[in-house]
> 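Right, I'll just put the structure down here and ask away after.
Computed from a predicted model, the values in this text were never measured in an experiment. In what follows, chains carry the letters A, B, and so on, assigned in the order in which the sequence lines appear, proteins first and then strands, with residues in each chain numbered from 1.
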Protein chains: 2
Amino acid sequence: MTLILALDFGGTKLAAATVEAGSREWLDYENRLSPANADALSDIEIMRSLIDSVLGRCKPDAIGVSFGGPVDAATGLVRLSHHVPGWENIPLKQLLEEEYNVPVSVDNDANVAAVGEHRFGAGQGYDSLFYITISTGVGGGWILNGKPWQGAGGMAGEIGHIVVDPTGPVCLCGKRGCVERLASGPYMAQNARELLEKEAHNSPTSTRGEILKYLVGNDLDLITGQIVSAAAAHGDELAREVLYKAAWALGVGIGNVANLMNPQRFVLGGGVTKAGDSFWATVRKVAQETALPEVNFEVVRALLGDDAPLWGAVALGLDVVK
Amino acid sequence: MTLILALDFGGTKLAAATVEAGSREWLDYENRLSPANADALSDIEIMRSLIDSVLGRCKPDAIGVSFGGPVDAATGLVRLSHHVPGWENIPLKQLLEEEYNVPVSVDNDANVAAVGEHRFGAGQGYDSLFYITISTGVGGGWILNGKPWQGAGGMAGEIGHIVVDPTGPVCLCGKRGCVERLASGPYMAQNARELLEKEAHNSPTSTRGEILKYLVGNDLDLITGQIVSAAAAHGDELAREVLYKAAWALGVGIGNVANLMNPQRFVLGGGVTKAGDSFWATVRKVAQETALPEVNFEVVRALLGDDAPLWGAVALGLDVVK
C-alpha cells in the first residue's frame, strides 16, 4: 500500500489528510483555522500537530503540499505568503524532507488546484486547461501537455491581474480594471456599496438596490460578494449590474487567454461561481465574443470545490513516490 | 552532410533555401512574389520551381515549412490562408512527403519564426519566450519548455486579438481595441488619417500633423505605419500620439501576457518595431507597469528580421531528420 500525505497551507486554514494511492476517500482528515496572529512558525507548528494526528504511527511514502502564495516549485522554496508573515524564503520542501525523510513536492495553491481538477475533477482527460478560482481573489493555474506550467519565475496564472478595463476602478495592485478588481467577492461588495452611495446621493427616491439593502438590514458594511449574488437572483437591478460587470470582466479575461494559449478547457471554481445561471451565461457569452471564431474551448465548473488544492497535493505526492 | 530544405509560404512572397546542418549561411536561396491572382495551386507551382532551383540535383534530408496562416502542426494540414484562396484543408506535409520522399514538418509562420529566434536568434538559451511580430498584422508564437506551444487547436499566440481597450476603435475581427487594431502598421496609418481629418474639421488652423501631411504631399492615402513613425521621429505631435497609442497597446498586451504565462523573454520583430527608441521605451514602461512587481521579463529585439520564418523552418527540418 502506498500512503500519501497531503497538506494545504491556505491563507486562513491549515489542513492535512492521508489517502491510499488509487483511492478517492481520505483515510484521515484534519483541519484548523490559522489564528489571527499567526506567523510561519506557528503555522508550521499547527501543521505538525495535524500531521501527527492524521498519520498516527504510519509513515507516508510521499508528501504533496499546496501553499497559499508564490512558490518556486522546482526547489520547493516558499517566496512569501500574502496573508501570514514570516514565510519569506522558507525552504518548505527541504524542511519536510528532513523531518519526515520522504520525497516532498510543493507548489502554489492555484497551480495545485489545477493539478487536482486535472487528475481527479473537471479536467480529467484534458491535457491543456486553465483553472481559475474566483473567490476573495482571482487566480489561476495552468496544465499544458498534461503538466503544470508555473512560468519562468513561478508566477504564471495571474489572470486576476490582467487589465480588461483600463478606465475602470483602481485595484490594490495599482492598475485599473484588473479582472480581480471587478470579479472578486470583496471587490464586488465594494462596487455595490459605492453604487448604493452614489444612488442615494444622485437619486434619493430610486429603488435600485432596495433588495440588497434589505438583505443587510441597511448596514452596507455587511455586504459581501455572496449577498450581491443573492440580491441579483432576487431581481435587484443594482446588484445585477455589479454581477454583470464581474461576469463581463471574467469573460473578457477568458476570451483573451483563449486567443493567447488556446487551451481545451477553462475550469472555474471559487465562491463567486455559485452566483447562478445568468452569471455563467454572461461569462460564456462574453468569452466567446472575445475569442476569435476559430478558437474553440469550453468553460466548465470545477468539481472538487474547496478540496481541489488538497487533492492536487495528493497528485503531487503520487508523482514523487520512489 | 545533412541537407535541409527550408520553405516559406508567406502571404505575398514565396521563398526556398538550402542549408547544411550546423551552418548559418544559405547554400542557395530563391524567392518570388506571389502574383495578385494567386491561388493555392499557383503558389505550389511557383514553390516547386524555386525548390528545383535551390536543390539542383541534390536530395534534402528533411524539409521544414513556414506557412502564413493557421496550420495543424501535428498533421501538417493547412487550415486556410488569409491572403491566398484555395488553401482550405490542404495536407501540405503529406503532399511534400509524397513528392520528395523525406520527412517534412509544417507550422504557422509566427510559431516558426518563434522557433527561428529561439534556435538561432534573440531567444537562444531562453526556454520560455513569446515572439511577437508587429507588421501588417500582429501575431505571436510560443516557446515553452524549449518547444513550440501551438495550443489545442493550433491557434495559440494571437496576441493581436486580445482586447486592451474595450472602448477603442472597432477591429476587423469585430471587437474593439484589440492590440492589432492599435499597433499594426495599416491601422496606425488609418488612425493617423482619421485624426488628421478630425483635426482639419475641428481646428482648421492647427499645425498638428503638419509634418505627416508634408511627408505624403498632402495625399493622406499615402500614409503608412512607417511614415507615421518617420513623422513622429521628426517631432510631429499627431503622429506621436498615434505611435504612443500603438506602443501603449503593445505594452498592455505584453504585461498581461507576462502575468498570465511568466515567460523569460519577449522577442519583438516586424516593421513597426523599427519605429525608434521612444516607441521601445513606451512598450517596456507600460509592459512593466501592467505586470505585477514580482513578474520579471525582458523585452528585446528580434535578430533574424524577415528571415526568421525561414530559419525556423530550418530548425523544424533539423528536428525531423531521420
> Highest number of heavy-atom pairs under 4.5 Å with chain A: which of B:V257, B:I159, B:T290, B:V295?
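Result: the option with the highest number of such pairs is B:T290.
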> Which atoms of B:Y126 come close to chain A, meaning under 4.5 Å heavy atom to heavy atom: side chain ones, backbone ones, both, or neither?
neither
> Shortest non-hydrogen contact from A:R79 to B:E294?
NH1-O, 4.1 Å
> Where is the tightest heavy-atom contact between A:D165 and B:P166, given as atom of each residue plus distance?
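Heavy-atom minimum between the residues: CA-CG, 4.2 Å.
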> Heavy-atom distances under 4.5 Å only: say whether B:N145 touches chain A with side chain, backbone, both or neither.
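Contact with chain A is through both the backbone and side chain of B:N145.
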> Taking every non-hydrogen pair under 4.5 Å, which of B:L260, B:L292, B:I162 racks up the most with chain A?
B:L260
> Which residue out of A:A156, A:A258, A:G177, A:G151 racks up the most heavy-atom pairs below 4.5 Å with chain B?
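Among A:A156, A:A258, A:G177, A:G151, the one with the most close pairs to chain B is A:A156.
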> Side chain, backbone, both or neither: which part of A:F130 has a heavy atom under 4.5 Å from chain B?
side chain
> Look up atom OG in B:S128 and atom CD in A:Q150, then write down how far apart they are to the nearest 0.5 Å.
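Spacing of OG (B:S128) from CD (A:Q150) equals 11.5 Å.
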> So which of B:T167, B:N256, B:V252, B:N262 has the biggest tally of heavy-atom pairs under 4.5 Å with chain A?
B:N262
> Using modelled atom types and a 3.5 Å cut-off, is there a donor and acceptor pairing between side-chain atoms of A:W142 and backbone atoms of B:M261?
no
